[in-house]
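Taking it in order: structure first as structure tokens, then the write-up.
All values derive from a computational prediction rather than experimental measurement. Counting starts at 1 for both ligands and their atoms, in listed order. In what follows, residues are counted from 1 in the order of the sequence shown.
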Amino acid sequence: MFDIKLLVKKLVGKKNIQRFRTMFIYPMKLKQNYLMDYHLYKKHSTIFTRNTFSKLECEITLRYHSIEKGFVHSPIRSGFGKQRVIELIELLKNGTIMEHFGSVQVQAAINILCKYFEMHQTNGFDISDYYPEADYQFFKTMLISDFGTKKEHSKESFFLFSNADFKSFSTSRCSVRSFSGEKISKEIIREVITLANNAPSVCNRQPAFVYLIENKILIDTILSIQGGLKSHTETLNQLIVLTCNRNYFYSIGERNQLYIDGGIYLMNLLYALHYYQIAACPCHWGMPVKADKQIRTLLSLKESEQVISLIAIGIPTETFATTLSPRRNYNENLNVID
Ligand SMILES: Cc1cc2nc3c(=O)[nH]c(=O)nc-3n(C[C@H](O)[C@H](O)[C@H](O)COP(=O)(O)O)c2cc1C
């Protein structure tokens, strides 16, 4: 049978075909794939529409988590997070949300709003202009269980399970935002990174790189671009910047693999820090390209490197509080396909 592919290969030559693919076919396919990523993100993220429960759940979580962080502050500022509270009240009155009022995230939001009202009532601080009592009474009827406002720790109790079995160890880790200012030695940091390097990666390509920043001006500049650790930075003297290098990825299908390998590395790094009794808070770098360029310039990163996350680290204060950040029950995210 006549094979057209074989004939073309013979006439044009294998090398030229490969060159043609590299110059024209692959860039076109890469563009198509990124375009599909763009369409899916545009349609299904929460930027443009709030037409599903998941999107609304995302919106309420953003707001209740921000209010939750306000409770961790010492001293707590009366009237904190006013705009967030107004928006959260509005969102929680949405019928779709209330159909799922028993879910963990909705309950966590209702709980924090109840606690917010009760705290202001106890302090005699009037918030009726943005949070009417009638709303509080409504939320109170929807609250299934009391979560409290925050988790309180002493430095000693927080690290009690840092060398324990995995279940206790993993359960005891959480994000700490209260740093004493004391620095971790380079020697310990080397041990931490050696342990974090156990993270698996695609074909063991190990695309993750770690930068330890100890220059306070640089730390403050980076965090001001990032903006997610407000008012916790005064005594923060060490910051990790985790990157993944695109050079380690070779196919169109792997175009987002750096975020997977970076995420796996991040988790193992957080565990390694906890193991060595170092307080840590990951700080998102889901930033637009302008911020990417700024941090690349500040740290002289290669253009091929993508910042995955920042991690604030240090010795915690003697006592401190962390957010509740309750987790879903498994029946909210486990799907069995027979
Ligand atoms: C990728 C990532 C980015 C995060 N960014 C921030 C941040 O910018 N600011 C902050 O205070 N916490 C940040 N956090 C911490 C989360 O708020 C925290 O992990 C979540 O509430 C769960 O609580 P836990 O870590 O205490 O268990 C981030 C966490 C992750 C994993």
Side-chain angles (χ1 to χ4, degrees), residues 45 57-74 80-81 84 104-105 107-109 111-112 147-153 157-159 161-162 166-179 196 199 208 210 213 219-236 239-244 256 258-275 278-288 291-292 295 306-314 316-317 320-329 332-333:
S45 72
E57 193 186 35
C58 169
E59 293 284 334
I60 65 163
T61 307
L62 282 168
R63 285 161 184 82
Y64 95 69
H65 181 60
S66 165
I67 301 167
E68 215 185 27
K69 283 207 262 181
F71 274 103
V72 168
H73 266 237
S74 182
F80 73 89
R84 297 281 188 204
V104 170
Q105 295 288 54
Q107 278 296 308
N111 172 72
I112 215 71
F147 290 71
T149 53
K150 57 188 165 193
K151 291 187 260 185
E152 298 196 77
H153 316 265
S157 70
F158 184 69
F159 291 120
F161 299 102
S162 62
F166 183 71
K167 195 174 174 183
S168 316
F169 169 80
S170 169
T171 310
S172 69
R173 184 219 59 84
C174 59
S175 299
V176 179
R177 299 172 182 84
S178 310
F179 301 100
V210 175
I213 319 294
I219 290 174
D220 289 344
T221 310
I222 293 170
L223 288 174
S224 71
I225 298 170
Q226 193 266 351
L229 208 66
K230 285 179 197 118
S231 65
H232 292 283
T233 58
E234 212 171 286
T235 48
L236 176 63
L239 181 73
I240 287 176
V241 177
L242 171 63
T243 72
C244 267
N256 297 316
L258 77 165
Y259 298 105
I260 299 168
D261 282 12
I264 293 170
Y265 191 91
L266 172 62
M267 186 71 253
N268 211 39
L269 176 56
L270 292 175
Y271 278 151
L273 289 162
H274 192 52
Y275 178 80
I278 298 168
C281 182
C283 302
H284 79 97
W285 195 262
M287 304 291 277
D292 278 336
I295 198 166
Q306 175 64 47
V307 174
I308 300 297
S309 184
L310 313 179
I311 304 108
I313 61 166
T317 47
F320 58 94
T322 57
T323 59
L324 295 170
S325 297
R327 300 304 206 267
R328 292 186 195 286
N329 292 325
E332 288 185 31
N333 67 338

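Here the closest heavy-atom approach between residue Gly228 and residue Lys69 is recorded as O-NZ, 3.4 Å. The two residues Gln226 and Leu229 have their closest heavy-atom pair at OE1-N, 3.8 Å.
The salt bridge (Lys or Arg N to Asp or Glu O under 4.0 Å) test applied to Glu332 returns Arg328, not counting sequence neighbours. Ala208 meets the side-chain contact (heavy atoms from CB on, under 4.5 Å) test with Leu242, Cys244, Tyr265; sequence neighbours excluded.
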Please tabulate, one pair per line, all N/O donor-acceptor pairs under 3.5 Å involving side-chain atoms of residues 280-288, not counting sequence neighbours.
residue : atom : partner : partner atom : Å
His284  : ND1  : Gly286  : N            : 3.3
Trp285  : NE1  : Asp292  : OD1          : 2.8

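Contact check for Thr235 versus Thr317: no side-chain heavy atoms found under the 4.5 Å cut-off.
Residues lining ligand 1 at a heavy-atom distance below 4.0 Å are given as His65, Lys69, Arg173, Cys174, Ser175, Arg177, Gln226, Gly228, Leu229, Cys281, Pro282, Cys283, His284, Ser325, Arg327, ordered by chain and residue number.
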